[in-house]
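To start, the structure under review is shown below, and the notes come after it.
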Amino acid sequence: MLDSDDDSSSVSSSSTSRTDHISVSGNEEVHFDQDGLLDQALDALDEKRGSTRERALSVIIGAFTSNMQHHFVDKKFATLLHQCLASIKKGSKKASAKEIALASHAIGLLTLTVGCSDNAREIFEESVRPLDEFLTSKSHLTKIPSLLECLAIITFVGGNGLEETERSMDILWRVIHPRLGSNVVAVKPSAPLITAVVSAWSFLLSTMRNLKLNSKNWQNSISYLSSLLDKEDRPVRIAAGEALAVIFEIGIIEKFSADSKGASDMSQEEINLQESYTHLQGLKGKVITQVKNLSVEAGGKGSAKKDLNNQRNLFRDIVEFFECGYSPEISMKIGGDSLQTSSWSQMIQLNFLKHFLGGGFIKHIQENEFLQDVFNFKPKRRYLNNNEHRMSSGEKRMFKSPNSVQNKARTQLLNKQRLLSEGRNLGHYAANMVDD
């Protein structure tokens, strides 16, 4: 359903009217009442059976990924938000790991749909505390990656300023660096968890420029990320490399240098800043050596060639950035337009949002004004044509195939409603028989 490999650039926008008409191969049409389906899915979130709620969330995610659901959000925003939060809140015994993962993804999609608005602010204020409580709990580690993405998205869209972004970054960091106490036992985080945390942390860092100059924190962060460059897991190394590139792009070391030279005499504060600057320069030198080695790594037994090439290309870009100051430039064709990035921060944001939206990224970047503002992307042409558009390969899998997750979930929901209806009719019939 969320196939990130769907890079079709021929997708054109459709309206968010109650009934969507999707053209397949120019002739065949698939008609479905998407608002009605979403209403049924929302009602199903009240069901006691967890599998029913999971199917309903899958339908919601599919709909919000494939189209901008403004009409549905206008009517049911608060209900959808609180139903999803009910699955996440700490102490919820009825929710499975899968349900929590789906609910957190749905909240992230809802946030991107409403964009910078009072609704996005409400999502952030209502969600950040239960996410924090859940992420700091010791149980259900398998639920965490999707929650990390959710926290990053709601902060990216609905957070206000430096303080709230730093708070979310601190929550993310504590997932792999918990504050140990008498009742806390350190658990070694898995490689996928480390990758997810560092990626979400970098995504939020990419939005910041005015950072607090806490030398100890930055030294610890850079030292830890440097240690990840030596790990065997390639995605961990790539995530750490991207995070370090963003750190050095926003000028952390230079900020310490500028402040240390600003004082007129050698005060203790100036001495401390100068020591921090020297130490950070040493860490940067170590990172440059590691990055150069990774850019020419030969690869080990069983290494996937594609992953190895991705790593080499990334670290070659980082080497060029350190030596020449050049950031990677990306040009992505979307229909007849081109989306371009020219910094590490923009690249991190683009990759994170492409991963989160999967096959729906093209659709969202063409119609989502918030994302267009993020990337300064203004489509020259609007791909509107009387509610109709040509299906991408991802949408064909989602809506056309009888075996698609969307169709399966829709069928199961309808069967559930039919059984409930038949049960009510049998109850009325039995009551009438008793009365007779």
Side-chain angles (χ1 to χ4, degrees), residues 2-9 11 65 105 108-109 111-112 145-157 165 168-169 172 191-208 225 228-229 233-250 291 294-295 304 306-321 326-334 337-366 368 370-377 394:
L2 304 176
D3 183 2
S4 59
D5 292 332
D6 178 15
D7 59 355
S8 169
S9 60
V11 178
T65 300
H105 196 91
L109 289 169
T111 308
L112 289 176
S146 59
L147 294 169
L148 298 170
E149 292 181 346
C150 178
L151 177 61
I153 291 291
I154 66 170
T155 305
F156 182 73
V157 183
T165 303
S168 292
M169 291 173 68
L172 293 168
L193 179 58
I194 293 173
T195 302
V197 168
V198 174
S199 297
W201 186 85
S202 303
F203 176 66
L204 291 181
L205 177 64
S206 69
T207 68
M208 303 175 71
L225 292 169
L228 296 183
L229 294 179
D233 190 85
R234 185 165 284 119
V236 168
R237 297 201 296 265
I238 290 174
E242 291 177 340
L244 287 163
V246 174
I247 287 175
F248 292 123
E249 180 180 67
I250 62 181
V291 166
L294 289 169
S295 70
K306 180 180 178 182
D307 292 341
L308 179 60
N309 288 337
N310 287 341
Q311 174 187 289
R312 286 174 179 166
N313 292 335
L314 170 70
F315 285 105
R316 284 170 186 164
D317 286 340
I318 297 177
V319 170
E320 185 176 15
F321 170 66
Y326 298 133
S327 298
E329 296 184 356
I330 296 176
S331 181
M332 180 181 180
K333 279 289 183 182
I334 301 176
D337 302 296
S338 178
L339 187 157
Q340 297 180 327
T341 68
S342 57
S343 69
W344 285 104
S345 295
Q346 289 178 324
M347 188 191 80
I348 295 295
Q349 292 172 20
L350 178 62
N351 288 340
F352 190 91
L353 290 165
K354 281 178 63 180
H355 170 75
F356 184 81
L357 288 167
F361 177 78
I362 297 294
K363 182 70 171 180
H364 275 257
I365 197 64
Q366 286 182 333
N368 190 318
F370 169 75
L371 292 183
Q372 291 172 2
D373 289 341
V374 168
F375 297 108
N376 194 28
F377 175 73

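In this structure D373 satisfies the salt bridge (Lys or Arg N to Asp or Glu O under 4.0 Å) test together with K378, sequence neighbours excluded. Under the side-chain contact (heavy atoms from CB on, under 4.5 Å) criterion, Q340 pairs with S331, S338, sequence neighbours left out. In this structure A243 satisfies the side-chain contact (heavy atoms from CB on, under 4.5 Å) test together with V198, W201, S202, L225, sequence neighbours excluded. Judged as a side chain to side chain donor-acceptor pair (under 3.5 Å), and not counting sequence neighbours, S199 has no contacts. By the side-chain contact (heavy atoms from CB on, under 4.5 Å) test, T165 pairs with T155, M169, L204, T207, M208, sequence neighbours left out. Every residue two or more places apart in sequence or in another chain that forms a ring-ring contact (aromatic ring centres under 6.0 Å, His included) with F352 is listed here: F203. Remark: S327 pairs with E249, F321, W344 by the side-chain contact (heavy atoms from CB on, under 4.5 Å) rule, at least two apart or across chains.
Between S206 and Q349 the shortest side-chain heavy-atom distance falls below 4.5 Å. Using a 4.5 Å heavy-atom threshold, the side chains of L109 and L357 count as touching. Residues L353 and I153 have side chains in contact (heavy-atom distance under 4.5 Å, counting atoms from C-beta outward). The shortest distance between side-chain heavy atoms of L244 and I318 does not fall below 4.5 Å. By the 4.5 Å heavy-atom criterion applied to side chains, M332 and F361 are counted as neighbours.
Q372 places a side-chain N or O within donor-acceptor distance of the main-chain N or O of Q366, the cut-off being under 3.5 Å.
With rounding to the nearest 0.5 Å, the separation of CG in L112 from CZ in F356 is 6.0 Å. Considering CG of N376 and CD of Q346, their distance stands at 8.5 Å, rounded to 0.5 Å.
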